[in-house]
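Everything below concerns the one structure shown next.
So that the names make sense, note that chain A is the first sequence line, chain B the second, and so on, each numbered from 1.
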There are 2 protein chains.
Amino acid sequence: MDEIDRTIVNLLRADGRTSYAELARRVGLTAPSVQDRVVKLERNGVIAGYKAVIDSEAIGLGITALIGIIPDNSADHQDICERLRAIPQIESCYFLAGVECYQLKVRVPKMADLERLIHRVGAIPGVAQTRTTITLSTKWEDRQQPIPMDGDDHGVD
Amino acid sequence: MDEIDRTIVNLLRADGRTSYAELARRVGLTAPSVQDRVVKLERNGVIAGYKAVIDSEAIGLGITALIGIIPDNSADHQDICERLRAIPQIESCYFLAGVECYQLKVRVPKMADLERLIHRVGAIPGVAQTRTTITLSTKWEDRQQPIPMDGDDHGVD
DNA sequence: GATGGTCCGGTCGATCTCGTCCACTAGACG
DNA sequence: CGTCTAGTGGACGAGATCGACCGGACCATC
């Protein structure tokens, strides 16, 4: 994970379809060596994959909401987690330090879907209470900050 | 936005580097027509871009936190929004219906960075109070749910 | 301290696939 | 009947990918 790797990662974060040839030009290497580095970054888990960024509204998912979950004492977190994972509308799931120990980001086409979803989450054993907040607008999302260059490679190549 | 477009979008959401030739094989068209569809989807804003998915911890951003912002009466939301946008560590920013009218998702290398960040956000004019929650673990993030097939194309294409 | 083997990361060249442009065609619509 | 749209097929340049080769770093041996 040297300076060249960081540049490659930054370029691929900005545009995941950048060709190896283009990356090679940017970092001053040849295409095969860049490909070699990218393959290694993928194997190390630094690059976890590539995604097209889709406009949620354009595909009919116009409503975004955040749902906080307050568990009860009997909560089996393994079980809760699996049941949450089985709900496709939950796009993100964070385990938090606080009373609301989970926060979910969900997207649905219509308010009725959100209501159904809240009931489904609330019915999970171990869930004492949920607290839902509608997002009125997404100012931005998944913006990428520059990779901190602290020399700390966290043991990953 | 027909069935073929939806398939293309789903394939690109799963793997943003899928070649046009491969997409063509999957949907039963030729590469040029697939490319044509993809270009149109990009122009319509359905496909907003392509990103490599990076493991935050591997690049030294081991700490994720959620920060809620409670504004005061004098709050100029345009101004707050711009000042928030200027802070690179804020990866997502949602405008919410509730007392905490913004929620930020931030990532930093160390706790000290988070502390500095919280002070910086709290110092923005119009911000009365912030409430920060550390994420202990990210169960999953930015998962893609299947595109709802309700025939509602929302006026796009 | 010099020597030789090995490993790692890179270059180069060949080949195959892919991307992309253009001309042409079939069906839908007014 | 003309036009518009979406797709096909071919041609050509660019990119991806593989194998062979090269040079420096490192290490054990002499």
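- OP1 or OP2 of C/dG9 lies within a sub-4.0 Å distance of a side-chain N or O belonging to A/K40.
- Mapped onto DNA chain D by nearest heavy atom, B/D2 and B/R17 fall at different nucleotides, with B/D2 at the one closer to the 5' end.
- A/I63 contributes atom CD1, which lies 9.0 Å from atom OG1 of A/T135 (distance to the nearest 0.5 angstrom).
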> Please walk me through it: do B/E22 and B/R17 pass side-chain contact (heavy atoms from CB on, under 4.5 Å)?
Replying inline: CA-CA 10 Å; B/E22 178 64 22; B/R17 282 183 84 87; over 6 Å; no
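- Taking NZ of A/K105 as the reference point, atom OG1 of A/T138 lies at 7.5 Å (rounded to 0.5 Å).
- Salt-bridge check for B/D142 with A/K51: failed, with every basic side-chain N at 4.0 Å or more from each acidic carboxylate O.
- Note on ring orientation: taking the six-membered ring where Trp is involved, the planes of A/F95 and A/H77 are perpendicular (angle over 60°, cut-offs 30° and 60°).
- Of the residues in residues 20-36 of chain A, A/L29, A/T30, A/P32, A/S33 come within less than 4.0 Å of DNA chain C through at least one heavy atom, sorted by number.
- Distance CZ (A/R37) to C1' (D/dA16): 18 Å, rounded to an integer number of Å.
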